[in-house]
Number of protein chains: 2
Amino acid sequence: MIRCPKCNQVHAINRSGIVRGMQRYFCKDCASYFTITNNTKPAPEVTGNKKHITTIGDIARALNISKSTVSRALHEHGDINAATKKAVTDMARKLHYTPNLLAQSLVKSRSNTIGIIVPEFLTYFFPTVIIGATEVATKAGFNVVICQSQESLKTEIANVNVLLANRVEGVLISMTKETKTFDHFRSLERHGVPMVFYNRVCEEIDCPKVLVNDYDGAFKATTHLIQAGFMNIAHIAGPVSLRLSNNRLNGYMDALKKNGLSVKKSLILHTDLSTEGTKQCAEKLLSMKNRPDAIFCVNDPAAIQVMLMAKQKGIKIPEELGVVGFSNDPMASIIEPSLTTVSQPVADLGRTAMRLLIASIKNGTESKEPIYLETELIIRASSVMAT
Amino acid sequence: MIRCPKCNQVHAINRSGIVRGMQRYFCKDCASYFTITNNTKPAPEVTGNKKHITTIGDIARALNISKSTVSRALHEHGDINAATKKAVTDMARKLHYTPNLLAQSLVKSRSNTIGIIVPEFLTYFFPTVIIGATEVATKAGFNVVICQSQESLKTEIANVNVLLANRVEGVLISMTKETKTFDHFRSLERHGVPMVFYNRVCEEIDCPKVLVNDYDGAFKATTHLIQAGFMNIAHIAGPVSLRLSNNRLNGYMDALKKNGLSVKKSLILHTDLSTEGTKQCAEKLLSMKNRPDAIFCVNDPAAIQVMLMAKQKGIKIPEELGVVGFSNDPMASIIEPSLTTVSQPVADLGRTAMRLLIASIKNGTESKEPIYLETELIIRASSVMAT
DNA sequence: CTGAAAGCGCTAACAC
DNA sequence: GTGTTAGCGCTTTCAG
């Protein structure tokens, strides 16, 4: 409701363009032009040393228009006068306006943010997953916040709470090796936040999961060792709490059985995945009276520990000890002899998981059948005698 | 203003405890107890399939008290009746209340969040910095959001904008190798968001910086090569855009000069840090007619590329080629021969940077003298003839 | 010790 | 096409 400052009436007012950034009006009654200067709120005082951050209101005031118009101009939002829009965007630039996502999220109750929880990111595996996942999320217009649980359940719970408090729209999770209670995941369910598990999945939660075909990878790896002539093959397995450990263990055992070899409990050791834990397993296996002639390890870092210890003990690889790892870590091709390993489509794992997550954010419930990505055996020097 | 439902008066009302989670009142006039059930807003309907997320208002309604009281009860906020507080916290648990950080941040204009920008995190360096920095931030009560610029200026700018839009309270930055314009950093300055640069610092911005003593590390490394008997030492340097490249280059050159060796421009090559780029440098140096007898590399990944190529060409390390890297990557101790390198206090770098950042968030401007952390030369097999 | 009310920055009907 | 209004969920004076 614009009132003419001269004739004080309100019905015969027209807009007449924008001059020096201010909306200009024309009163048809008294035939005069005017701009309105006194706004509801005074311009912010420069009190104290706190920097004032430009808001949509500042732009509105500077232009003598309403906040809604500014909001619309900034968002390609339906009908908006081209001149107004230009005035607004120019003024926004001039005042260095940055939208406040917190406020936007609050009113829209959508934060446009997705959380990713990784147990660690010192080895190449999880960073690579993150890169793949982020790529997909960014393309879909989501921001990503990365949390590392550091293999600690307590931290994982804290991570979930932070993500929840920040009202993320979905979470990608790979559990810690010590996660055996799942209330924090249920908490996400309760809040209606979709989850997708990848790599280290939680059986108890009904949601999409993306895995590598661990069983098949392990089966191929073990079969390869057998075909290469090894007869007494040990396995350093992962923590029993992780399903992937069991899948790889089963692949190993089935390969032995299928080839007529017996499964010896004494040759199956579980590491907690820490360097120390793995070293102990290696030590135990390598100092047996009836030493295994090959070891299939749950992952490459473990295989590398085995190789280092074997070297230290003067055990020749592969002549006296065949070694195979899992994951095709960059280290595997650097170490000597180079390490035979099972490669996984790591970035793809991230991409697939993120795609599923975004689908469940958008369409509600998704197919909950776990998705398995295939592995590839990469044969290198650690498992094959030079010919 | 509580009105008695029986006698309809308003002055003689007393609170009389909380029963079944509801505030109970007593009217002295008609001597009757009552609770008030009709609240300003009706309880949220379970419309559609959108999950309702418990708010402070839900708790207030359930207990027939005001939102302010709930807020206070939830925050140890001054005077609050112990019974009320218990009722509130119990009800909060019962309704699975999770505070909305977006709303809190909005009203407090403090997000309690700090951003960390890393150029990449596939090698161990940046993840380790992040772990150190996160540790300090968490202790100080800040959340951390990690952004990876993937060595792309465009992504770096996008990262800054996301952090800005999310109103982070401070940012830890290590630039991409291609960052040569700095408007996005100025944008942070303008918004009053403190920054601290680490490792790859920006000269143009006046703020705290944390670095490793690159010059000294390079000087020690080069001096070591000279003392080990190498005479014709090349250097694969980093991108000129990064100050650390120049610092390491200067350390290399000064060490040569100080030991009476001449600096040969032809033996100084710049890599862009990509595997491909480094390979080209290595190829060039290793196929010179007058091949250098040692190479000091700007970092370990580069040194490892050199070693791999040398092996491929049948050049013996260290007999025919001494190699020294920088950063003590885990790979350095795995490769054979093991790689001599300059180790940096990486996690400490992160911790120090985060401490400085938190200080500038809390106290405003900080000391802006760059801080240098010391390095240590780790001598391994790649630079020392077996005796 | 507690309630009412204002407002953080922004969007989204609803009017005109 | 644009202004008005009413919140999003929460904290924080200001009164009692």
Side-chain angles (χ1 to χ4, degrees), chain A residues 1-3 10-11 13-15 17-18 23 25 36 39-41 44 50 52-61 63-75 77-85 87-88 97-111 165-167, chain B residues 1-2 10-11 13-15 17-18 23 25 36 39-41 44 50 52-61 63-75 77-85 87-88 92 97-111 165-167:
Chain A
M1 192 84 73
I2 306 296
R3 184 175 301 277
V10 99
H11 297 294
I13 308 288
N14 272 151
R15 240 162 251 274
I18 291 177
Q23 178 62 252
Y25 298 94
I36 297 189
N39 229 305
T40 345
K41 253 179 261 171
K50 286 215 171 170
H52 170 76
I53 296 183
T54 304
T55 73
I56 199 183
D58 297 330
I59 301 176
R61 197 173 313 111
L63 258 38
N64 236 304
I65 59 180
S66 77
K67 289 192 300 174
S68 2
T69 304
V70 174
S71 175
R72 276 186 289 249
L74 256 20
H75 286 79
H77 219 308
D79 295 331
I80 183 99
N81 182 312
T84 312
K85 182 165 173 180
V88 168
Y97 171 73
T98 318
N100 187 328
L101 243 53
L102 302 173
Q104 274 180 194
S105 305
L106 185 58
V107 51
K108 297 210 273 202
S109 6
R110 295 195 38 230
S111 65
N166 280 294
R167 298 296 188 262
Chain B
M1 194 85 72
I2 307 296
V10 97
H11 298 295
I13 308 290
N14 272 153
R15 240 164 251 273
I18 291 177
Q23 178 61 252
Y25 299 93
I36 297 189
N39 229 306
T40 343
K41 253 180 261 173
K50 285 213 173 174
H52 171 75
I53 296 184
T54 304
T55 72
I56 201 181
D58 297 331
I59 301 177
R61 196 174 315 111
L63 258 35
N64 236 303
I65 58 179
S66 76
K67 289 192 299 174
S68 356
T69 304
V70 175
S71 174
R72 276 185 290 248
L74 256 19
H75 293 281
H77 219 307
D79 296 329
I80 184 100
N81 183 312
T84 312
K85 182 164 172 179
V88 168
Y97 172 73
T98 319
N100 186 328
L101 245 53
L102 302 172
Q104 276 181 194
S105 304
L106 185 58
V107 49
K108 298 210 272 202
S109 5
R110 294 194 40 230
S111 65
N166 279 295
R167 300 296 187 261

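Lettering follows sequence order; numbering is per chain, from 1.
Checking D:dC10, D:dT11, C:dC10 against the side-chain heavy atoms of A:Ile56 singles out C:dC10 as nearest. Taking the side chain of A:Leu106 as heavy atoms from C-beta on, and the options D:dT2, D:dG3, C:dG9, the nearest nucleotide is C:dG9. Listed nucleotides C:dA5, C:dG9, C:dT2 differ in distance to B:Ser68; the shortest reach to its side chain belongs to C:dA5. For B:Asn100, counting side-chain heavy atoms from C-beta on, the closest listed nucleotide (C:dC10, D:dG9, C:dT2) is D:dG9. Out of D:dG3, C:dC10, D:dT11, the shortest distance to the side chain of A:Ala103 is found at C:dC10.
Taking only side-chain nitrogens and oxygens, A:Thr55 never comes nearer than 4.0 Å to OP1 or OP2 of C:dG9. Regarding contacts with the backbone of D:dT11, a side-chain N or O of B:Ser71 is found under 4.0 angstrom from either OP1 or OP2. For D:dT2, the OP1/OP2 oxygens have a side-chain nitrogen or oxygen of A:Thr84 closer than 4.0 Å. Close to D:dT2, at under 4.0 Å from its OP1 or OP2, lies no side-chain N or O of A:Thr69. The phosphate of D:dG9 has neither OP1 nor OP2 within less than 4.0 Å of any side-chain N or O from A:Ser109. For A:Gln104 and C:dT11, the shortest distance from a side-chain N or O to OP1 or OP2 is below 4.0 Å.
The interatomic distance linking B:Leu101 (CG) with D:dT11 (C1') rounds to 13 Å, in whole Å. Regarding A:Arg110, its CZ atom lies at a distance of 22 Å from the P atom of D:dG7, rounded to whole Å. Between the C1' atom of D:dC14 and the CZ atom of B:Arg72 lies a distance of 11 Å, rounded to the nearest Å. Note: CZ (B:Arg61) to C1' (C:dG3) measures 16 Å, nearest angstrom. D:dT2 atom C1' lies 17 Å from atom NE2 of A:His75, rounded to whole Å. The distance between atom CG of B:Asn166 and atom C1' of C:dG9, rounded to the nearest whole Å, is 14 Å. Look at NZ on B:Lys67: it is 11 Å from P on D:dG7, rounded to the nearest Å. Spacing between atom CD1 of A:Ile53 and atom C1' of C:dG9 amounts to 11 Å, rounded to whole angstrom units.
Annotation: side chain of B:Val88 is in contact with side chain of B:Ile65 (closest heavy-atom distance under 4.5 Å). Two residues are said to be in side-chain contact when any heavy atoms from C-beta on lie closer than 4.5 Å; B:Thr55 and B:Asn100 fail this criterion.
Residue whose closest nucleotide on DNA chain C sits further toward the 5' end, between B:Asn81 and B:Val107: B:Asn81. Comparing B:Lys108 and B:Leu102 against DNA chain D, the residue whose closest nucleotide sits nearer the 5' end is B:Leu102.
For A:Ala73 against A:Lys85, the heavy-atom pair with the smallest separation is O-CE, 3.8 Å. In terms of heavy atoms, B:Leu102 sits closest to A:Ser105 at CD1-CB, 3.7 Å. Of all non-hydrogen atoms in A:Arg167 and A:Ser111, the two that sit nearest each other are O-OG, 2.6 Å.
For the atom pair A:Ile80 CD1 and A:His75 NE2, the distance stands at 11.5 Å (nearest 0.5 Å).
Remark: the B:Arg167 side chain and the C:dG9 base include no donor-acceptor N/O pair separated by less than 3.5 Å.
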